[in-house]
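So the structure is just underneath, and the comments pick up after that.
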Amino acid sequence: MSRTIYVTGEAKSPNNNPITTQFGLFFVGLVVDTETHVILRADCTAALPLTVEFVRELLEGRSLQEEDALVEAIIDRYHGSSQRAMAAAVRSAAAKYRDLVDGSPAQPNTPVARRQPGS
């Protein structure tokens, strides 16, 4: 079994933010090692490539299970207009990750088994 999973988090960004105009919501996508819980790769919806680069620096190499420390780093270091949305998106991704790791019921986006022909 593979040690990595991809999880996303989303949050509403301010109405005057280009992210809202372009994407509707602020999204963060994370590739996480399920044994160490470390974020291996991070990406986000951003209007500027520098923002994506900075978000990667903030998140990659850190444990997704240390949600409060991740949010604190965002608040301390990221002062863009989507700061609150970024923090909320990371919390959303961390919650989804906890549910997956803990074996909680499937999320709404989880594929449903297909019916067999004739059943």
Side-chain angles (χ1 to χ4, degrees):
M1 184 169 126
S2 180
R3 290 177 40 157
T4 59
I5 62 168
Y6 178 77
V7 64
T8 62
E10 61 279 327
K12 187 172 179 349
S13 54
N15 288 337
N16 64 343
N17 191 306
I19 293 168
T20 304
T21 305
Q22 191 172 358
F23 302 107
L25 293 172
F26 184 89
F27 290 93
V28 64
L30 307 171
V31 175
V32 183
D33 182 313
T34 57
E35 290 183 13
T36 64
H37 314 292
V38 170
I39 300 167
L40 302 175
R41 297 273 299 142
D43 206 347
C44 68
T45 51
L48 301 172
L50 183 60
T51 302
V52 175
E53 183 181 321
F54 193 77
V55 168
R56 286 182 176 145
E57 180 187 323
L58 281 174
L59 302 179
E60 289 179 3
R62 301 184 69 168
S63 173
L64 188 54
Q65 289 191 322
E66 295 175 7
E67 175 184 341
D68 291 338
L70 291 170
V71 170
E72 185 177 318
I74 292 166
I75 292 167
D76 288 347
R77 297 185 57 207
Y78 180 82
H79 297 281
S81 62
S82 57
Q83 180 193 60
R84 287 175 48 180
M86 183 187 303
V90 167
R91 286 201 185 278
S92 170
K96 289 178 185 178
Y97 180 74
R98 273 192 310 275
D99 288 347
L100 290 168
V101 169
D102 294 342
S104 296
Q107 298 296 311
N109 294 334
T110 302
V112 178
R114 295 182 184 204
R115 285 182 39 192
Q116 297 296 321
S119 60

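Note that the coordinates shown come from a computational prediction; the quantities given were computed from them, not determined experimentally.
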Heavy-atom side-chain proximity of Thr45 to Glu10 below 4.5 angstrom | no
So do the side chains of Gln83 and His79 get within less than 4.5 Å of each other, counting heavy atoms only?
-> yes
Check Leu30, Leu64, Leu40 against Leu59 for a side-chain contact (heavy atoms from CB on, under 4.5 Å) and give me the one that passes.
-> Leu30
What are the two closest non-hydrogen atoms of Ala89 and Ala11, and how far apart are they?
-> N-CB, 3.7 Å
In terms of heavy-atom contacts, Ser63 and Leu70 come closest through O-CD1, 3.6 Å
Let me know which of Thr36, Asp33, Thr34 forms a side-chain hydrogen bond (donor to acceptor under 3.5 Å, both in side chains) with Arg3.
-> Asp33
Any Leu58 side-chain heavy atom under 4.5 Å of Glu53 side chain = no
Can you name the nearest heavy-atom pair linking Val7 to Ala93, along with the distance?
-> CG2-O, 3.8 Å
CZ of Arg56: more than 12 outside heavy atoms within 6.0 angstrom?
-> yes
Just how far is it from atom CG of Asp43 to atom CD of Glu60, taken to the nearest 0.5 Å?
-> 9.0 Å
Let me know which of His37, Glu67, Gln65 forms a side-chain hydrogen bond (donor to acceptor under 3.5 Å, both in side chains) with Arg98.
-> Glu67
Any link between Val28 and Leu100 through a network of hydrophobic side chains (Ile, Leu, Val, Met, Phe, Trp, Tyr) touching at under 4.5 Å?
-> yes
Single-linkage hydrophobic cluster Phe26~Phe54, side-chain heavy atoms < 4.5 angstrom | yes
Are the side chain of Lys96 and the backbone of Gly9 linked by a donor-acceptor contact shorter than 3.5 Å?
-> no
Hydrophobic cluster membership, Val101 vs Ile39, 4.5 Å side-chain cutoff | yes
Approximate separation, where rounding is to 0.5 Å, of Glu57 CD and Arg62 CZ = 10.5 Å
